[in-house]
Peer 1: 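Sharing a structure here in structure tokens format.
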2 protein chains.
Amino acid sequence: MENEIINFITGYISLTAEEVNIIKEQNLIKSYKKGTVLLSEGEFATECYFVLKGCIRSYYLIDGEEKTTEFYTENQSIRPVSYITNQPSEYYLACLEDCVVAIGSTERNKRLIEKLPRLESMIMQMNGDLLVQNQVSFDNFKHLSPEMRYLKLLETRADLFDRVPLYHLATYLGITAVSLSRMRKRISKSSTD
Amino acid sequence: MENEIINFITGYISLTAEEVNIIKEQNLIKSYKKGTVLLSEGEFATECYFVLKGCIRSYYLIDGEEKTTEFYTENQSIRPVSYITNQPSEYYLACLEDCVVAIGSTERNKRLIEKLPRLESMIMQMNGDLLVQNQVSFDNFKHLSPEMRYLKLLETRADLFDRVPLYHLATYLGITAVSLSRMRKRISKSSTD
DNA sequence: TACCGTTATTATCTTAAGTTAATTTATTCG
DNA sequence: CGAATAAATTAACTTAAGATAATAACGGTA
């Protein structure tokens with residue numbers, strides 16, 4: 001189970017066998033039931049996550065409506081904005097399915113970095129990557145029609161359509177559930193004739 | 001003129017008088033004529049910028065159409081994605097006005113950081129800030145109507161409306177120039193009656 | 001299996017954005 | 001200054017998204 005984490009890390013920096021062991025013994029793996037809320041608005045995030053199994057959704061509230069900002073599935077890492085900034089969180093994190101998750105807490109990570117200073121460079125790279133991903137997603141979003149965004153998501157993350165309710169995908173796409181439903185009908189119609 | 005840069009830095013970390021001097025003597029200030037392109041698609045960014053005077057626009061091309069992603073004005077720093085990732089740039093950077101800019105090149109920054117290691121922590125903070133700003137902008141964009149986005153921009157960056165052509169603001173807002181024009185008329189009408 | 005809560009679809013109406021093209025208003029510069 | 005270019009507006013038409021409400025399909029479970 002820890003192998004996924006090692007694979008993930010070695011995508012950024014190379015590790016010796018001893019270093020692999022240090023990380024493996026450090027890691028803390030937990031299971032959560034579907035519906036568990038890992039982080040709430042107003043709280044300070046003290047943990048970051050690596051999803052081993054399941055799906056975690058981040059979202060925030062506008063007038064009581066949940067707006068989904070991201071879905072995290074197998075082998076994705078979650079570094080809450082609040083974790084990076086040490087500010088109270090604007091976002092929620094909740095399990096859409098039963099989940100198995102590797103957890104890094106602020107203090108344990110600090111200790112780990114003392115043992116393995118090269119992790120610092122990984123973190124900087126991760127921040128850079130996050131930034132770029134976000135920039136590109138934003139630009140795409142801005143200049144693609146809702147329909148294009150839907151088709152693109154269908155290409156890039158087809159699995160989500162099997163495991164996530166459409167109305168969450170709708171807010172993720174920045175449209176209403178009604179509109180998404182209509183759109184799907186429109187598309188299926190036009191592709192058959 | 002260098003004082004703006006010092007102010008900017010001390011917003012992140014505190015500096016001793018000697019450190020201030022080191023930075024001041026390091027800095028390289030340049031002027032560019034309106035229209036100058038500082039970075040083109042495909043190039044590797046080797047510089048980051050701090051705007052002392054003027055306005056710089058970043059944009060990219062879709063089917064030959066320019067899509068503006070950001071406007072940088074006085075006292076804003078520009079850290080091109082390509083500079084952070086060492087990948088060829090997807091974006092252009094060009095001066096919308098005559099500009100005065102402080103420039104940090106990769107090598108000079110490296111040398112500077114050797115003298116002032118605490119700058120590292122500033123850079124990490126800047127990356128974190130960038131990430132958060134981007135995240136928040138994205139979320140806002142997704143869940144605000146074009147009209148709301150326009151009104152919000154009018155509040156937060158009113159100066160842009162005096163110095164930037166509307167059709168650039170339009171693509172920045174993710175709409176067409178025609179639509180922006182129509183919208184402005186609609187709003188001015190509804191606010192007078 | 002029958003029920004209940006959740007999720008998805010459908011219908012109707014309203015509103016605004018995209019597209020294209022023509023026209024007006026500003027700006028620039030020889 | 002005036003011609004050329006750039007920027008902004010307007011008009012006409014098409015298309016799709018938002019809102020609201022009603023209905024249908026699905027899923028778990030008692």
Side-chain angles (χ1 to χ4, degrees), chain A residues 33-35 55 57 59 62-68 71 94-98 140-154 159-193, chain B residues 33-37 54-55 57 59 62-68 71 94-98 140-154 160-193:
Chain A
K33 277 249 162 303
K34 173 175 176 174
C55 180
R57 178 173 73 103
Y59 60 95
I62 298 183
D63 314 321
E65 302 258 298
E66 295 183 356
K67 305 292 182 180
T68 297
F71 299 101
C95 301
L96 277 185
E97 308 170 354
D98 292 350
N140 277 335
F141 189 94
K142 231 186 224 179
H143 298 115
L144 293 181
S145 64
E147 186 167 325
M148 284 304 186
R149 299 198 298 257
Y150 166 76
L151 293 172
K152 200 153 195 167
L153 190 64
L154 210 48
D159 62 306
L160 290 181
F161 290 82
D162 296 327
R163 60 204 295 190
V164 169
L166 285 177
Y167 65 94
H168 284 149
L169 288 171
T171 68
Y172 179 63
L173 289 168
I175 59 178
T176 61
V178 174
S179 178
L180 177 55
S181 177
R182 212 164 26 197
M183 201 168 76
R184 283 157 58 85
K185 193 184 183 186
R186 200 168 63 227
I187 290 170
S188 71
K189 199 172 276 178
S190 73
S191 66
T192 53
D193 55 31
Chain B
K33 278 250 160 305
K34 172 175 176 174
T36 308
V37 175
C55 180
R57 177 174 74 103
Y59 60 96
I62 298 183
D63 315 321
E65 302 258 296
E66 295 183 357
K67 305 292 182 180
T68 297
F71 299 101
C95 302
L96 277 184
E97 307 171 351
D98 293 348
N140 276 336
F141 189 95
K142 230 186 226 182
H143 299 114
L144 293 180
S145 64
E147 186 166 326
M148 284 306 186
R149 298 198 297 259
Y150 166 77
L151 292 172
K152 199 152 198 170
L153 189 65
L154 210 49
L160 290 181
F161 289 82
D162 296 327
R163 60 202 295 189
V164 168
L166 285 178
Y167 64 95
H168 284 150
L169 289 171
T171 68
Y172 179 63
L173 290 168
I175 59 179
T176 62
V178 174
S179 177
L180 177 55
S181 176
R182 213 163 26 197
M183 202 169 75
R184 283 157 59 84
K185 193 182 183 186
R186 199 167 65 225
I187 290 169
S188 72
K189 198 171 276 179
S190 74
S191 67
T192 52
D193 54 28

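Every chain is numbered from 1 and lettered A, B, ... according to where its sequence line falls, protein lines coming before strand lines. Owing to the predicted nature of the structure, the values given are computational and were not obtained by experimental measurement.
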Peer 1: Side chain of A:Pro165: nearest nucleotide among C:dT7, C:dG18, D:dA8?
Peer 2: C:dT7

Peer 1: Measuring from atom CZ of A:Arg182 to atom CD1 of A:Ile175, what distance do you get when rounded to the nearest 0.5 angstrom?
Peer 2: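 If I round to the nearest 0.5 Å, the distance is 9.0 Å.
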
Peer 1: Output the rounded distance in Å from CG (A:Leu173) to P (D:dA17).
Peer 2: 11 Å

Peer 1: Taking OP1 and OP2 of D:dG18, is either one under 4.0 Å from a side-chain nitrogen or oxygen of A:Thr176?
Peer 2: yes

Peer 1: Whole angstroms only, please: what is the NZ-P distance between B:Lys142 and D:dA17?
Peer 2: 16 Å

Peer 1: Of the nucleotides D:dA19, D:dA7, C:dT19, which has the atom closest to the A:Arg182 side chain?
Peer 2: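 Selected nucleotide: D:dA19.
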
Peer 1: Which protein N or O atoms sit under 3.5 Å from an N or O of nucleotides 27-30 of chain C?
Peer 2:
none

Peer 1: Whole angstroms only, please: what is the CG-C1' distance between A:Leu160 and C:dT7?
Peer 2: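 A:Leu160 atom CG is separated from C:dT7 atom C1' by 17 Å.
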
Peer 1: Please name the pair of heavy atoms, one in B:Thr171 and one in B:Thr68, separated by the smallest distance, quoted to 0.1 Å.
Peer 2: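 So the two residues come closest at OG1-N, 3.0 Å.
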
Peer 1: Take atom OH of A:Tyr150 and atom P of D:dA16, then tell me their distance rounded to the nearest Å.
Peer 2: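 These atoms are roughly 15 Å apart.
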
Peer 1: More than 12 foreign heavy atoms under 6.0 Å from CD of A:Glu65: is that the case here?
Peer 2: no

Peer 1: What is the separation between atom CG on B:Leu96 and atom C1' on D:dA7, rounded to the nearest whole Å?
Peer 2: 14 Å

Peer 1: Could you tell me whether the side chain of A:Tyr172 reaches within less than 4.5 Å of the side chain of A:Leu153, counting heavy atoms only?
Peer 2: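 In contact.
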
Peer 1: Does B:Arg186 make a side-chain N or O approach to OP1 or OP2 of C:dA17 shorter than 4.0 Å?
Peer 2: yes

Peer 1: What residue among B:Arg163, B:Arg57, B:Lys33, B:Lys34 forms salt bridge (charged side-chain N to carboxylate O under 4.0 Å, His left out) with B:Glu97?
Peer 2: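 Exactly one pass, corresponding to B:Arg163.
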
Peer 1: Rounding to a whole Å, what distance do you find between A:Glu147:CD and D:dG18:P?
Peer 2: 13 Å

Peer 1: State whether a side-chain donor-acceptor pair under 3.5 Å links B:Arg184 with B:Tyr150.
Peer 2: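 Note: B:Arg184 and B:Tyr150 side chains meet the donor-acceptor criterion.
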
Peer 1: If you look at every heavy atom in A:Leu144 and A:Arg149, which pair is closest and at what distance?
Peer 2: O-NH1, 3.0 Å

Peer 1: Between B:Leu169 (CG) and D:dA8 (P), how many Å, whole number?
Peer 2: 8 Å

Peer 1: Could you state the atom-to-atom distance from NZ of A:Lys185 to C1' of C:dT12 in whole Å?
Peer 2: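 That distance rounds to 13 Å.
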
Peer 1: With nearest nucleotides of DNA chain D determined for B:His168 and A:Val178 from heavy-atom distances, which residue corresponds to the more 5′ nucleotide?
Peer 2: B:His168

Peer 1: Among the nucleotides D:dT10, C:dG18, D:dA7, which one has an atom lying closest to any side-chain atom of B:Ile175?
Peer 2: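 Closest nucleotide to the B:Ile175 side chain: C:dG18.
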
Peer 1: Would you mind classifying the nucleic acid contact of B:Ser179 as base, sugar-phosphate or nothing, using non-hydrogen atoms under 4.0 angstrom?
Peer 2: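 Counting heavy atoms under 4.0 Å across all strands, the contact made by B:Ser179 is with sugar-phosphate only.
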
